Amino acid sequence: MTSTVLKAGGLTKRYGRRTALADCTLTLPAGRVVGLVGPNGAGKTTLLHLAVGLLAPSAGTIEVLGRRPAADADQLARVGFVAQDAPVYAALTVGDHLRLGAHTNPRWDQRLASERVRALRLDPAQKAGRLSGGQRAQLALTLAIAKRPDLLVLDEPVASLDPLARREFLQGLMAFIAEHDASVILSSHLVSDLERVCDHLVVLVDSHVRVAGDVDDLLAAHHRLVAPRAAAAELPPGLEVIEQSHTDRQSTLVVRGDAPADPAVVVEQIGLEDLVLAYLSQGAATPDPVLEVTR
Amino acid sequence: MIEFHLDGRSGISPYLQIVQQVRQAMRLGLLTAGDQLPTVKDVVARVAINPNTVLKAYRELEHEGLVAARQGVGTFVTATLTDESLAAHEPLRKELAAWIDRAREAGLDTESIEALFTSTFRSLIEESA
């Protein structure tokens, strides 16, 4: 397996005059659970569809597992994809889905599929259209992992699930990657969904990648500073201000870089959710007018 | 065998929560030398976290000499924390209580005492780390 699971350079996707993804340059390491976070309409689905080959780029390049997405049957077999809302064939039974999977996937793992269906207590004779949302998501995940992909791509897998189904889905996903060496890219508009499961994060806002990196590195590199306004105005160079708010006396900032040694500045650790929110609000503070019109 | 539980609102990273829960279980005598820790797969299938988080916690415990990984079998506790450290708890608690009394006499309110303790504790921990 290559050490890079996805590599994009200047990747751009336009639909007519609307730019869904702009100049995306990204390298995602293998063996990680990558969280793709951003508000609705930020371009997450577009990026994932480019990665699995459902869309072709308007400009730029993208390589997945070292190859062009959907280049041939072998490449298709190595990538598992669950689209948003976990589509299944409503008229087919759970058993039909497994048989379909077995026929269409060269690396199909029947034992893994049957074991999961049993553990989930899905009735093989049940029509997929009558499953609950959580069961449907679990069935779609079963099909995607039983093809034993090197990369699993999940578009908003838990967005429509209730908290219990959400937990069960992530438990199943984590159990799979604990046993098999697969990389995962999953998207969500909620950081809290991903916080525990991701070890790499990409924040996408207004069709641009705002920040990307290993979660531990990102947390170590960012700080929240609380300081008197005067002290906040004289921060050392090299400190990138992500978000700031001021009262007449005090400033609160989220910064990237080494924390200043100024004793007047209180330096706090920042959680992943607040870190992402800082980047999201940075996007809101400097809107790209063209995108605002088209959205 | 113990089970882990994670508090999403504690502000403590999941990996550290696992480390602390193992240490705590060892201090309380729930885990002693020879006991097996839950497998990574069992942990992630229960608490839905990234397997690397569990591995990182187990590596940290290994680094501290509390557990050892046996290839293909699992991770086992190699030390017992209970005896000497439990005995030391009570005198330490008394000293701390006396310190808190002195802080009150010096005019510090509850929040100031807590802040002083936490900041001193943190800076000492950071120095020794």
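The analysis underlying the following values was restricted to heavy atoms, covering all of them including side chains, and did not include hydrogens, waters or symmetry mates. For clarity, every value in this text was computed on a predicted model and none was experimentally measured. Here is how names work: the chains are called A, B, and so on, in the same order as the sequence lines, proteins then strands, and each is numbered from 1.
When the candidates A/D199, A/V33, A/L170, A/I177 are compared by the number of heavy-atom contacts under 4.5 Å with chain B, A/D199 comes out ahead. When B/V47, B/V54, B/V40, B/T53 are compared by the number of non-hydrogen pairs under 4.5 Å with chain A, B/V47 comes out ahead.
A ring-centre distance under 6.0 Å is not found for B/H63 and B/Y58.
Within 6.0 Å of CD in A/Q110 there are more than 12 heavy atoms belonging to other residues, nucleotides or ligands.
A donor-acceptor contact closer than 3.5 angstrom links the side chains of B/R27 and B/Q24.
The backbone N or O of A/L201 lies less than 3.5 Å from no partner atom in the side chain of A/R32, so there is not a single donor-acceptor pair.
Proximity to chain A (any heavy atom under 4.5 Å) is shown, for B/L55, by neither the backbone nor the side chain.
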